[in-house]
*Asks:* 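Here it is, the structure, as structure tokens.
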2 protein chains.
Amino acid sequence: MSTDRIITLHGEQELVQRAGHLFVASREEFLVAATDLMTFSAGVNAAFREGKRPHVVPGLTMRKLYSRRALADPESLRRLRRIAASGIEIRISDGPIAREAIVIDRRTAILAGAPVRGVHTYTVVQAPEVVDGVRSLFRATWETATALADCAAPPPPLTEQARDTLRALSAGHTDETGARLLGVSLRTYRRRVADLMATLGASSRFQAGLLARDLLREEVTPAAPR
Amino acid sequence: MSTDRIITLHGEQELVQRAGHLFVASREEFLVAATDLMTFSAGVNAAFREGKRPHVVPGLTMRKLYSRRALADPESLRRLRRIAASGIEIRISDGPIAREAIVIDRRTAILAGAPVRGVHTYTVVQAPEVVDGVRSLFRATWETATALADCAAPPPPLTEQARDTLRALSAGHTDETGARLLGVSLRTYRRRVADLMATLGASSRFQAGLLARDLLREEVTPAAPR
DNA sequence: ACCGATCTGGCAGTTTGCTGCCATGAGCAC
DNA sequence: GTGCTCATGGCAGCAAACTGCCAGATCGGT
């Protein structure tokens, strides 16, 4: 194995700067396996936040695999839901994540390295036998993992008020019209919209629509066991 | 059959005024069978538009069954998609709709009557044998019908630009942030958002999020034949 | 090269959405 | 009865979103 095909990056910023272009260039497959949303995954988050992330192209498979630690708290779950609603497939593995990694287009693997002086390291490998091994491990774990929708606790049922609000929003009405239809003042309607968005964990109305759609779908067709 | 259990309503306004409360009170099941989105269904639309429609409660089944005529033009399809995205199950029957009707809570059937002097009539029936018959017919046709997502022509694939826009919106960013991430001006970003919304057929960002979620879902898991 | 179509970006005016503030009323417990 | 909590509605200030307009840049065809 040629050593010039292995690079070690120190810290998230170096990851972003030296591997971010790989993220952007990804066209077939972008896989992430991480224990939770914070540690290894923080490197991916940092890159994404700076716009270094795959274009959403037809044919690109984007999958994220986490351990149950990712469901540890409500905010993490809300984040996972937001990620899922934006079109990324998410599964949760019952066991630990044996190898935290990012696999890009079947050609590059970025592995979690040992922290050096408290700084995360990332090992970038392009040796086919390593990449294939990591990818196979991902696939095997993926196949036994459970879709997020099937293993996360269902969100608390919406109140009737929230549902009426959801319905008015779903119809594409302005707030003024929605308020009138529900027979409340504009201020009250907007207060309820804000409450619904907080419940959904959304920071924009578009995102709220994405999340709400998942919710509606779960009610019409409750999740079946995998 | 007692005649006082049959009422004939003339025109949509009378439907709204004298049967609208039944729509609102519906708690278990609200079924509509119509040939297309315009003729018989126009009465339901009018009631809904005036706020006379079922509350969105858990346990309420809302289903709409149409013939293929409902897919006749792109705008009808866009409307169907909006309806579906708001949580109503929609199926398309290959055959004609034998009996255009609304069935409410298994107790009331509203049937399409013959037009009188060009005015739609609606026959409201609460005789159990009639209601059961209409409902059975609905169910039988529903079982052989195809889910909207499975029979409508898939929407044209989004351009890469539209996808990037979708992704920024999905992340819940403000327009300013979205524009920066995509490397375009705010004006251009907003122009693209407006284009995406036109493509989706949405009149608000929330609604666009609902519709976009269906789109994303169709790409990750393409429709299987029923 | 020129020309036309299209896209971009800056700016401005407008509409819609967001939220704090405050007064009021309703409901509930004591 | 009183006091507290919570929800509502009106208002105001602000942010975010919407879109027209116009000038300039870009692209493709001849």
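Side chains are part of it too, since the values below use all heavy atoms of this structure and drop only hydrogens, waters and symmetry mates. Residue numbers begin at 1 in each chain, while the letters A, B, ... track the order of the sequences.
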*Asks:* Who passes side chain to side chain contact (heavy atoms under 4.5 Å, CB included) against A/Ser67, sequence neighbours left out?
*Replies:* A/Thr35, A/Arg69, A/Ile97
*Asks:* Check every nucleotide of DNA chain C for an atom under 4.0 Å from a heavy-atom of chain A, then give the first and the last such nucleotide from 5' to 3'.
*Replies:* C/dG17 to C/dC21
*Asks:* Could you tabulate the donor-acceptor pairs under 3.5 Å formed by side-chain atoms of residues 164-172 of chain A, not counting sequence neighbours?
*Replies:*
unit_1	atom_1	unit_2	atom_2	d
A/Asp164	OD1	A/Arg167	NH2	3.2
A/Asp164	OD1	B/His55	ND1	3.1
A/Asp164	OD2	B/His55	ND1	3.2
A/Thr165	OG1	A/Gln161	O	2.8
A/Ser170	OG	A/Leu166	O	2.7

*Asks:* Please name all residues satisfying side chain to side chain donor-acceptor pair (under 3.5 Å) with B/Glu28, sequence neighbours left out, ordered by chain then number.
*Replies:* B/Arg106
*Asks:* I'd like to check the side chain to side chain donor-acceptor pair (under 3.5 Å) partners of B/Arg18; sequence neighbours left out, ordered by chain and number.
*Replies:* none
*Asks:* Using ring-ring contact (aromatic ring centres under 6.0 Å, His included) as the criterion, list what pairs up with A/Tyr66, not counting sequence neighbours.
*Replies:* none
*Asks:* Hey, can you pull the residues of residues 168-192 of chain A with a non-hydrogen atom under 4.0 angstrom from DNA chain C?
*Replies:* A/Thr174, A/Asp175, A/Arg187, A/Arg190, A/Arg191
*Asks:* Please list all pairs passing the ring-ring contact (aromatic ring centres under 6.0 Å, His included) test where one or both residues lie in residues 8-29 of chain B, with sequence neighbours left out.
*Replies:* B/Phe23-B/Phe30
*Asks:* State which residues pass side chain to side chain contact (heavy atoms under 4.5 Å, CB included) with A/Ser76; sequence neighbours excluded, sorted by chain then number.
*Replies:* A/Leu37, A/Asp73
*Asks:* If we check side chain to side chain contact (heavy atoms under 4.5 Å, CB included) with A/Lys64, which of these qualifies: A/Val32, A/Ile92, A/Leu148, A/Leu80?
*Replies:* A/Val32
*Asks:* Can you list everything that forms a side chain to side chain donor-acceptor pair (under 3.5 Å) with B/Arg180? Sequence neighbours excluded, please.
*Replies:* none
*Asks:* For chain A and DNA chain D, what are the first and last nucleotides along the strand, 5' to 3', with at least one atom under 4.0 angstrom from a heavy atom of the protein chain?
*Replies:* D/dT8 to D/dC11
*Asks:* Return each pair, listed once, that meets ring-ring contact (aromatic ring centres under 6.0 Å, His included) where at least one residue sits in residues 161-216 of chain A; pairs must be two or more places apart or across chains.
*Replies:* none
